[in-house]
2 protein chains.
Amino acid sequence: MPADRDTARPAAETAYDEIRRRIVAGDYEQGSPLTEAGLSTDLGVSRTPVRAALTRLAADGLVEQKSNRRIVVAEWGDSDIEEIFGLRAVLESYGAGLAAATATTAQTNDLEVLCQKMDEALAAQEPGWLAEVTALNNEFHRSVLEATGNRRLINLVASIVEIPLTHRTIGAYSVRQLENSWSEHRSITEAFRLRDGEWAASIMRSHILTGRAITQHGHEHPTAYELDPLAEDPTPQGKQKGPRR
Amino acid sequence: MPADRDTARPAAETAYDEIRRRIVAGDYEQGSPLTEAGLSTDLGVSRTPVRAALTRLAADGLVEQKSNRRIVVAEWGDSDIEEIFGLRAVLESYGAGLAAATATTAQTNDLEVLCQKMDEALAAQEPGWLAEVTALNNEFHRSVLEATGNRRLINLVASIVEIPLTHRTIGAYSVRQLENSWSEHRSITEAFRLRDGEWAASIMRSHILTGRAITQHGHEHPTAYELDPLAEDPTPQGKQKGPRR
DNA sequence: TGCGCCAAATCGGTATACAAATGATGGCGC
DNA sequence: GCGCCATCATTTGTATACCGATTTGGCGCA
């Protein structure tokens with residue numbers, strides 16, 4: 001246990017980030033109970049910041065409060081993935097349409113840069129490239145939403161997307177499918193350049209629904225392409241003991 | 001200060017509800033700072049539940065945390081109304097489409113009942129009818145979303161709609177416009193009966209965008225209909241002293 | 001041997017005490 | 001007289017102690 005806490009950052013935020021990271025990383029079993037005291041000793045802070053963190057996580061939907069006021073890690077199944085992709089398709093296509101119609105040249109160029117980086121990442125395929133692709137993909141979608149300037153829309157999508165999903169999702173794509181995905185990103189960028197909101201929205205919708213199809217059915221017959229599988233998991237070191245009980 | 005606290009309900013939840021009510025009711029000036037100590041003494045609870053309440057309210061977007069870690073009541077203007085109606089149009093039409101395609105007869109009947117009650121409320125126009133109409137309207141939209149069974153969608157819309165808006169919105173409608181609004185509700189119900197998701201989605205979209213137009217431009221030339229204006233406020237009894245400062 | 005009740009421990013909810021940081025105000029010096 | 005610095009007050013962040021409720025395990029009785 002580190003004696004020198006990082007006093008620079010608020011401890012409540014640290015606790016929030018750490019607990020969130022653990023949940024998203026899958027360190028905790030779904031439905032496993034989280035006790036404030038346990039997390040408190042685990043993180044080396046008192047129960048108060050842990051409580052604040054759990055409150056925020058509950059609002060995010062990452063933990064649930066059972067009737068007996070017991071807090072457990074949220075569970076989800078196929079229906080949740082269905083919901084998430086459906087909502088993303090609706091919201092992100094809406095956002096793409098808005099953004100494309102009003103985007104500045106600078107914003108469009110930013111998307112172009114991201115596409116460029118993606119191409120390079122694909123071409124190079126250095127160790128860890130899957131993680132980089134995931135990051136770039138998230139960045140692209142985030143940039144599109146940011147371009148709308150619609151803070152509420154951004155928060156809405158953020159509250160949905162941030163789930164132990166995105167990680168594994170990319171893994172379901174074959175390289176061929178990844179190339180197609182990037183091609184769609186390029187098309188969206190082009191729609192931005194033409195200020196064609198309808199086109200942008202349409203592509204974004206297809207893009208996400210394609211992702212849904214691949215995530216749900218693409219596992220069966222992957223063209224695979226086995227790269228170094230460790231690269232997919234950004235946190236390889238052995239984790240702390242799992243949930244209590 | 002009441003000595004006999006209602007120990008039955010959790011104090012944090014009470015604090016959340018009360019602070020939320022005050023914000024939505026407009027008791028606090030937009031951008032006015034909320035101090036934990038002040039709310040604590042106001043509500044008769046300690047700072048801890050107040051903190052929890054403020055955390056939740058921040059997640060809801062009803063309060064904002066300024067850079068200097070000062071918490072203020074969220075401010076909004078016309079652009080927020082624009083955002084909200086736009087998102088409602090997208091999300092609720094999506095929900096209506098989903099729900100209509102899968103709705104049970106019982107769910108459709110529930111909508112029918114609500115339409116019936118609306119007709120009666122309009123015909124009677126008893127004191128407080130505007131408040132009742134507001135409640136029925138909210139209930140209708142909530143029922144449609146509930147019929148989707150999409151918990152995430154429900155939460156998303158809830159996080160947007162619950163805003164110091166709905167109250168005043170209804171006031172902007174003329175009676176003629178209210179009748180039209182209910183007529184659209186009836187059409188949505190009919191679409192449910194026919195399991196016509198596309199139709200339902202389309203009506204819902206028009207319905208909400210009409211609401212946007214009335215809210216934004218309908219104030220200028222209202223056919224008015226001045227009823228007792230107090231009826232609009234569902235909490236008539238003199239509440240605790242207003243915001244500090 | 002099984003069922004039920006009681007007791008003890010565990011955990012979440014609340015209050016409060018304390019520390020750290022930030023903003024304001026007043027005084028002092030130039 | 002103006003500006004800067006120091007001190008103080010206000011407020012948030014954190015820790016901890018206490019209380020009530022719920023659950024669990026054991027013991028006793030049928």
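For the numbers below, each heavy atom of this structure counts, side chains included, while hydrogens, waters and symmetry mates do not. First the proteins, then the strands, lettered A, B, ... as listed; each starts at 1.
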Worksheet entry | Integer-rounded Å distance: C/dG13 P and B/L43 CG | 18 Å
Discussion item. Just the rounded figure in Å: distance from P of C/dA21 to CZ of A/R9.
Written reply: 15 Å
Discussion item. With no hydrogens and no angle check, just 3.5 Å: does a side-chain donor-acceptor pair link B/N150 and B/Y94?
Written reply: no
Discussion item. In whole Å, I'd like the distance from the CD atom of B/E36 to the C1' atom of D/dG13.
Written reply: 8 Å
Discussion item. I want to check one thing: is the phosphate of D/dA15, taken as OP1 and OP2, less than 4.0 Å away from some side-chain N or O of A/S46?
Written reply: yes
Worksheet entry | Among D/dT14, C/dT14, D/dT12, the nucleotide that comes nearest once only the side chain of B/T35 is considered | D/dT12
Fill in: Nucleotide C/dG13, atom P - distance to CZ of B/R56 in whole Å
11 Å
Worksheet item: Starting at CZ of B/R70 and ending at C1' of D/dG13, how long is that distance when rounded to a whole Å?
Response: 13 Å
Worksheet item: If every non-hydrogen atom of A/S159 is compared with every non-hydrogen atom of B/L156, which pair is closest and at what distance?
Response: OG-CD1, 3.8 Å
Worksheet entry | A/R69 CZ - D/dC19 C1' separation (whole Å) | 11 Å
Worksheet entry | Distance below 4.0 Å between A/R51 side-chain N/O and C/dG13 OP1 or OP2 | yes
Worksheet item: So does B/R47 reach the base of D/dG13 with its side chain, donor to acceptor, closer than 3.5 Å?
Response: yes
Worksheet item: How would you label the contact of B/A12 with the nucleic acid (heavy atoms, under 4.0 Å): base, sugar-phosphate, or nothing?
Response: sugar-phosphate
Worksheet entry | A/Q65 side-chain N/O to C/dG13 phosphate OP1/OP2 under 4.0 Å | yes
Worksheet item: Less than 4.5 Å apart, any side-chain heavy atom of B/Y16 and any of B/D60?
Response: yes
Discussion item. Need one value for B/L54: base, sugar-phosphate or nothing, where a base atom within 4.0 Å counts as base even if backbone is also close, heavy atoms only.
Written reply: nothing
Discussion item. Would you call the rings of A/H141 and A/H185 parallel, tilted or perpendicular, taking 30° and 60° as the class edges?
Written reply: perpendicular
